[in-house]
Participant: 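Supplied in structure tokens, the structure appears directly below.
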There are 2 protein chains.
Amino acid sequence: MNINISDESCPLRKTLEIIGGKWTMLIIFQINERTIRYGELKRCIVGISEKMLISQLKFLCDKGFVHKKSFAEIPPKVEYTLTDMGKELLPLINQIIQFGINHKF
Amino acid sequence: MNINISDESCPLRKTLEIIGGKWTMLIIFQINERTIRYGELKRCIVGISEKMLISQLKFLCDKGFVHKKSFAEIPPKVEYTLTDMGKELLPLINQIIQFGINHKF
DNA sequence: TAAGTACCCTACCCTAAGGTAAGTACTTGT
DNA sequence: ACAAGTACTTACCTTAGGGTAGGGTACTTA
């Protein structure tokens, strides 16, 4: 690995632009291996606004991290799951968590 | 591991508050295993302003990720190195980079 | 009949992260 | 004499990420 110039196109910057948002990893980590409905997700992530959750979910769907399944039911039912690419981030996020625990953040 | 409530004190949030900044990981990755002077660091990280680099370096020193050594010379000479805790982040960052490469970000 | 649930959308606003640019002090090179 | 390199500081300004708050639909339950 010989990345030593951090220009605008380096993979670290590019990746952080996508997963570096305030809520991105939180959402991905909460979905995790399960299938979860919008409402439950919202309750899990304390402090997030509906606007943020919706827009981030849409963003993550567009980028291919999250899969969305809407049911034509009343009341509405929407289920979110991680795609394979999304799941690839889980070990990464777990490492961040482990780091935080180890250093008592 | 049973973290399923993402409240304000969860280790993921806490850690991201520290290493989730726009430049944090870039700086840590650039310092890497070497000893590097301020000027060279600045040249490495394309696009960063002096203000940001200085303030982030100070922040990272305060948090214990980076070690700073000033020489009482003229012209000034300052060397930065990662602490052990800082170095612990390198495999994490490398994973992010690998993720970006794998998915062609 | 009114309130509640579920999954959103939209308009407006605000703050803080970050960008710009200039200045400082001291020395060496031309 | 003047620019250039070194490691910063400071003042000011911009912007976009995110917060607030309200609306909307179609149904169910009290």
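Throughout, protein chains are lettered first and strands after them, A, B, ... in sequence-line order, and every chain is numbered starting at 1. All figures in this text were calculated on a predicted structure; none of them were measured in a lab. As a basis for the values below, the full set of heavy atoms in this structure was taken, side chains included, without hydrogen atoms, waters or symmetry mates.
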Participant: Identify, with sequence neighbours excluded, every residue that meets side-chain contact (heavy atoms from CB on, under 4.5 Å) alongside His103(A).
Facilitator: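 Listed in chain order: Phe99(A), Phe105(A), Met85(B), Glu88(B).
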Participant: How long is the line joining CZ of Arg13(A) and P of dG18(C), in whole Å?
Facilitator: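 Value for this atom pair: 13 Å.
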Participant: Roughly how many Å is it from CG in Leu26(B) to C1' in dG18(C), rounded to a whole number?
Facilitator: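 After rounding, the reported distance stands at 14 Å.
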Participant: So, using side-chain contact (heavy atoms from CB on, under 4.5 Å) as the criterion, who are the partners of Asn32(B) when residues are at least two apart?
Facilitator: Phe29(B), Leu90(B)
Participant: What's Tyr80(B) touching, base or sugar-phosphate or nothing? Going by heavy atoms closer than 4.0 Å.
Facilitator: sugar-phosphate
Participant: In chain order, what residues pass the salt bridge (charged side-chain N to carboxylate O under 4.0 Å, His left out) check against Glu17(A), with sequence neighbours excluded?
Facilitator: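 In terms of salt bridge (charged side-chain N to carboxylate O under 4.0 Å, His left out), with neighbours along the sequence ignored, Glu17(A) is linked to no residue.
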Participant: Only counting residues at least two apart or in another chain, list the ones meeting salt bridge (charged side-chain N to carboxylate O under 4.0 Å, His left out) with Lys42(A).
Facilitator: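 For Lys42(A) the salt bridge (charged side-chain N to carboxylate O under 4.0 Å, His left out) partners, ignoring immediate neighbours, are Glu50(A).
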Participant: Nearest 0.5 angstrom please: Ile93(B) CD1 to Gln30(B) CD, how far?
Facilitator: 10.0 Å
Participant: All N/O contacts under 3.5 Å from nucleotides 19-22 of chain C to the protein, with atom names and distances to one decimal?
Facilitator:
residue, atom, partner, partner atom, Å
dG19(C), OP1, Lys22(B), NZ, 2.9
dG19(C), OP2, Trp23(B), NE1, 3.3
dG19(C), N7, Lys51(B), NZ, 3.3
dG19(C), O6, Lys51(B), NZ, 2.1

Participant: Extract from the structure each pairing of a protein N or O with an N or O of nucleotides 25-30 of chain C at less than 3.5 Å, listing the distance.
Facilitator:
none

Participant: Using OP1 and OP2 only, check whether a side-chain N or O of Arg37(A) sits under 4.0 Å from dC7(C).
Facilitator: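 Indeed, a polar side-chain atom of Arg37(A) lies that close.
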Participant: Students often get this wrong, so: under 4.0 angstrom with heavy atoms, is Lys42(B) touching a base, only sugar-phosphate, or nothing?
Facilitator: nothing
Participant: Calculate the interatomic distance between Phe59(A) atom CZ and dG18(D) atom P; express it in whole Å.
Facilitator: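 The distance from CZ of Phe59(A) to P of dG18(D) comes to 10 Å, rounded to the nearest Å.
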Participant: Within the pair Arg43(B) and dT6(D), is there a side-chain N or O less than 4.0 Å away from OP1 or OP2?
Facilitator: yes
Participant: Do you know the tightest heavy-atom contact between Leu12(A) and Met25(B)?
Facilitator: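 Shortest heavy-atom contact: CD2-O, 4.0 Å.
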Participant: Mind listing the side-chain donor-acceptor pairs of residues 51-66 of chain A below 3.5 Å, one per line with the distance, residues two or more places apart or on another chain?
Facilitator:
residue, atom, partner, partner atom, Å
Ser55(A), OG, Lys51(A), O, 3.1
Ser55(A), OG, Met52(A), O, 3.2

Participant: To the nearest 0.5 Å, what is the distance between CG (Leu89(B)) and CG (Asp84(B))?
Facilitator: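 Reported to 0.5 Å precision, the distance equals 11.5 Å.
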Participant: Could you let me know what dC14(C) is paired to, Watson-Crick or G-U wobble, both distances under 3.5 Å, or none if it's on its own?
Facilitator: dG17(D)
